[in-house]
Colleague: 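Quick one: this structure, given as structure tokens, is what I'll be asking you about.
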Amino acid sequence: MKTIVKFLVIAIILTSSFSCSDKIEETYTLNTPEYMSYDDLRNSFQMKSAQVILQPGKIYFKDDFIFVNEYLKGIHIINNSNPENPEKVTFLEIPGNIDMAIKGNMLYADSYIDLLTIDISDMNNIVEVDRDEEVFPYTIPEIREGVAYGIDAQKGVITGYKVTTETVEIKGEDISYQFFPAWESSFVAVDAMNGSKISSSGAGTGGSMARFTLYDDYLYAIDNASLHLFDVSDNTNPNRMKQIAISWQIETLFPYDEKLFIGAQNGMFIYSLQNPANPEFISEFRHATACDPVVVEGDYAYVTLRGGNLCGAIESQLEVINISNIESPQMLKSYPMKEPYGLGIDDEVLFVCDGYEGLKIYNAADPMTLAANQIAHYPTVDAFDVIPLGEILLLIGEDGLYQYDYSDLDNIKQLSHIRINGM
């Protein structure tokens, strides 16, 4: 999975030469964009048969179903009426999709620069019912080597690159765009998919890596620097209300107790949702630069900091932050980690995805003694994100979607595993 959620460092200039006329030439590995036209993008949504999961991203849970993002391709829908035997049932083709959220029977999903509203009330007939165009920044895919050259947003969205090596004259006309986000987001029995329904009320549950979240009648979505606010009181027709500048390199959203906790590479920002139509800044907690999801329970926020690459140069760690005084969050304790990604908390049970080190589960009754109170460790699972659901834990990792029964913490059981690409 981390092959899709990490950005690689862009190699800028390979060689330079100067002619006698002072013309500047440089040799590049050029990534010439390949486009999907806006017309094609806006006619691209399709409901398809179930497909193999190849590059999973965010996960989401609603009623009896698990939703797994296929990075930049769409969303897999899994019938989870029996967690011991989950069944992939359909795939929604949504080019440029990374994030999702569900209110009632409406699924909200990004599609490059657009926001889609999709009616999932009938799993046998899923339809797009609304599209808000150009509500998100123009973004470009990661570059494996070299530079992007000749970007022209008028041609459509960039779906990939043709890679060549050329010597070009530098004309100082480069255009700067955002890269895709650096994050690589109750059981009711049914008879297969016959008559399967999504509840017409309430919101679902996302993971700690989510950039979309719902609170009351509002959908919140972040890009790298701003919070986008949509009124979804009419859940079939989101109304874009405002864009709020937060900070550079914001990454994740977590709503808790009338507050919105925003994880950023340089800290955690806390906003009041007492008036959800107008989030107001309360405070911030700064830390060294690192990739940074956050979850909250009671008086404590738990933050994983992942160093290395573009995430930062610090050592990877789990931080516990005391938020009993919400206007002045204070560091309580930090614990070393290897490669932490997402995390989850449920009734003083803390789940940490430590990348190639696996899933780690702690008794968090005393945040000062987490290391001494590890409940379980699954080192063979390359873990990315989790959603704890009371007794069932959903985990998405390098090699698939796992489910665990943690109703008995002395006897945690793996229930199922849907493999990635046949792994």
Colleague: Verify, without hydrogens or angle tests, whether Y335 (side chain) and M368 (backbone) share a donor-acceptor contact under 3.5 angstrom.
Modeller: yes

Colleague: For E251 and Q265, test the side chains for any donor-to-acceptor distance below 3.5 angstrom and give the result as yes or no.
Modeller: yes

Colleague: Are Q330 and S328 close enough that a side-chain donor and a side-chain acceptor fall under 3.5 Å?
Modeller: yes

Colleague: Out of I418, L395, I66, L393, which residue meets the side-chain contact (heavy atoms from CB on, under 4.5 Å) rule with Q403?
Modeller: I66

Colleague: Side chains of Y362 and I375: closer than 4.5 Å at any heavy-atom pair?
Modeller: no

Colleague: By the ring-ring contact (aromatic ring centres under 6.0 Å, His included) test, which pairs, at least two apart or in different chains, include something from residues 82-123?
Modeller: H76-F91, Y112-F180

Colleague: Take E145 and N31 through the test side chain to side chain donor-acceptor pair (under 3.5 Å) and record every step on the way to the result.
Modeller: CA-CA 8 Å; E145 181 181 358; N31 295 267; over 6 Å; no

Colleague: Starting at CG of D63, measure out to CD1 of I120 and round the result to the nearest 0.5 Å.
Modeller: 8.5 Å

Colleague: With a 3.5 Å distance limit and no angle check, can you tell me whether S416 reaches the backbone of P83 through a side-chain donor-acceptor pair?
Modeller: yes

Colleague: Pair I59, I387 - check side chain to side chain contact (heavy atoms under 4.5 Å, CB included), show working.
Modeller: CA-CA 8 Å; I59 53 175; I387 301 178; 3.8 Å; yes

Colleague: Go through it in stages, so that I can follow the logic: the residues are I222 and H228, the test is side chain to side chain contact (heavy atoms under 4.5 Å, CB included), and I'd like the CA-CA distance, side-chain angles, deciding distance and then a yes or no.
Modeller: CA-CA 6 Å; I222 55 173; H228 301 261; 5.8 Å; no

Colleague: Grab the two heavy atoms, one from F212 and one from M100, that are nearest each other, plus how far apart they are.
Modeller: CB-O, 3.6 Å

Colleague: Under a 3.5 Å distance rule, please check whether T304 uses its side chain to pair with a backbone N or O of L318 as donor and acceptor.
Modeller: no

Colleague: Inspect the contact between D405 and K413 and indicate whether a charged nitrogen and a carboxylate oxygen are less than 4.0 angstrom apart.
Modeller: no

Colleague: Which pair of heavy atoms, one from G263 and one from V294, lies closest together, and at what distance?
Modeller: N-CG1, 4.1 Å

Colleague: Can S37 and D39 be said to form a side chain to side chain donor-acceptor pair (under 3.5 Å), step by step?
Modeller: CA-CA 5 Å; S37 73; D39 285 344; 5.4 Å; no

Colleague: Can you check whether L409 reaches N363 side chain to side chain, under 4.5 Å on heavy atoms?
Modeller: no

Colleague: About how many Å separate CG of D114 and CD1 of I94, when rounded to the nearest 0.5 Å?
Modeller: 11.5 Å

Colleague: So, do R211 and T252 sit near enough that their side-chain heavy atoms are less than 4.5 Å apart?
Modeller: no

Colleague: Can you tell if the side chain of V320 reaches within under 4.5 Å of the side chain of V303, non-hydrogen atoms only?
Modeller: no

Colleague: Would you say S334 and E319 are linked by a side-chain donor-acceptor pair, where the criterion is simply a distance under 3.5 Å?
Modeller: no

Colleague: Are N79 and K88 linked by a side-chain donor-acceptor pair shorter than 3.5 Å?
Modeller: no

Colleague: Parallel, tilted or perpendicular for Y404 and Y378, by the 30°/60° rule?
Modeller: tilted

Colleague: Could you check D223 against F136 for side chain to side chain contact (heavy atoms under 4.5 Å, CB included), going step by step and ending with a plain yes or no?
Modeller: CA-CA 7 Å; D223 58 36; F136 299 123; 5.9 Å; no

Colleague: With K259 as the cation and F261 as the aromatic partner, state whether NZ or CZ is under 6.0 Å from the six-membered ring centre and within 45° of the axis.
Modeller: no

Colleague: Taking C-beta and beyond as the side chain, do P279 and L260 meet within less than 4.5 Å on heavy atoms?
Modeller: no

Colleague: Can you see which heavy atom on T159 is nearest to which on P141, and at what distance?
Modeller: C-CG, 4.3 Å

Colleague: Atom OG1 of T369 and atom CG of D366: how far apart are they, to the nearest 0.5 Å?
Modeller: 3.5 Å

Colleague: Decide if the gap between the ring center of F65 and the ring center of Y60 is smaller than 6.0 angstrom.
Modeller: no

Colleague: Applying side chain to side chain donor-acceptor pair (under 3.5 Å) to E280 and S272, what does each step give before you reach the verdict?
Modeller: CA-CA 5 Å; E280 293 187 354; S272 170; 5.8 Å; no

Colleague: Which of these, Y215, F281, F254, sits in a ring pair (Phe, Tyr, Trp, His ring centres under 6.0 Å) with Y271?
Modeller: F281

Colleague: Check the pair D385 / S208 against side chain to side chain donor-acceptor pair (under 3.5 Å), numbers first and verdict last.
Modeller: CA-CA 7 Å; D385 202 9; S208 67; 2.9 Å; yes

Colleague: If I compare all heavy atoms of D152 with all of Y35, which pair ends up nearest, and what's the gap?
Modeller: N-OH, 2.9 Å

Colleague: Which heavy atom in I126 sits nearest to a heavy atom in T90, and how many Å separate them?
Modeller: CD1-CG2, 4.2 Å

Colleague: Do the side chain of Y402 and the main chain of V381 share a donor and acceptor less than 3.5 angstrom apart?
Modeller: no

Colleague: Salt bridge or not for R42 and E133, using N-O below 4.0 Å?
Modeller: yes

Colleague: Rounded to the nearest 0.5 Å, what separation is found between the CD1 atom of I396 and the CG atom of L401?
Modeller: 4.5 Å

Colleague: Roughly how far apart are M268 CE and R286 CZ, rounded to 0.5 Å?
Modeller: 11.5 Å

Colleague: Quick one: are N97 and D110 in side-chain contact, heavy atoms under 4.5 Å?
Modeller: yes

Colleague: Please evaluate residues R240 and D231 with respect to the criterion salt bridge (charged side-chain N to carboxylate O under 4.0 Å, His left out), reporting the C-alpha separation (whole Å), side-chain torsions for both, the decisive distance (0.1 Å), and the verdict.
Modeller: CA-CA 6 Å; R240 186 184 186 190; D231 182 340; over 6 Å; no

Colleague: Keeping the roles fixed (side chain from E398, backbone from A383), state whether a donor-acceptor pair exists under 3.5 Å.
Modeller: no

Colleague: Could you tell me which non-hydrogen atom of N266 sits nearest to which non-hydrogen atom of S247, and how far apart they are?
Modeller: ND2-OG, 3.8 Å

Colleague: Can you check side chain to side chain contact (heavy atoms under 4.5 Å, CB included) on E339 and R306, steps first, answer last?
Modeller: CA-CA 6 Å; E339 190 192 30; R306 191 173 75 260; 3.8 Å; yes

Colleague: Taking T117 for the side chain and N237 for the main chain, is one N or O donor matched with an acceptor at less than 3.5 Å?
Modeller: no

Colleague: Can you check whether L41 reaches R131 side chain to side chain, under 4.5 Å on heavy atoms?
Modeller: yes

Colleague: Any ion pair linking D354 and K338 (charged N to carboxylate O, less than 4.0 Å)?
Modeller: no

Colleague: Is the backbone of E93 close enough, under 3.5 Å, to the side chain of K48 for a donor and an acceptor to pair up by distance?
Modeller: no

Colleague: Has Y161 got a side-chain atom pairing as donor or acceptor with E142's backbone, closer than 3.5 angstrom?
Modeller: no

Colleague: Let me see the working for F269 and F285 under ring-ring contact (aromatic ring centres under 6.0 Å, His included), right down to the final yes or no.
Modeller: CA-CA 7 Å; F269 298 87; F285 173 81; over 10 Å; no

Colleague: Evaluate the side-chain proximity of N224 to W248: yes if any heavy-atom separation is below 4.5 Å, no if none is.
Modeller: yes

Colleague: Would a distance-only check, ignoring hydrogens and angles, find a side-chain to backbone donor-acceptor pair under 3.5 Å from E70 to L54?
Modeller: yes

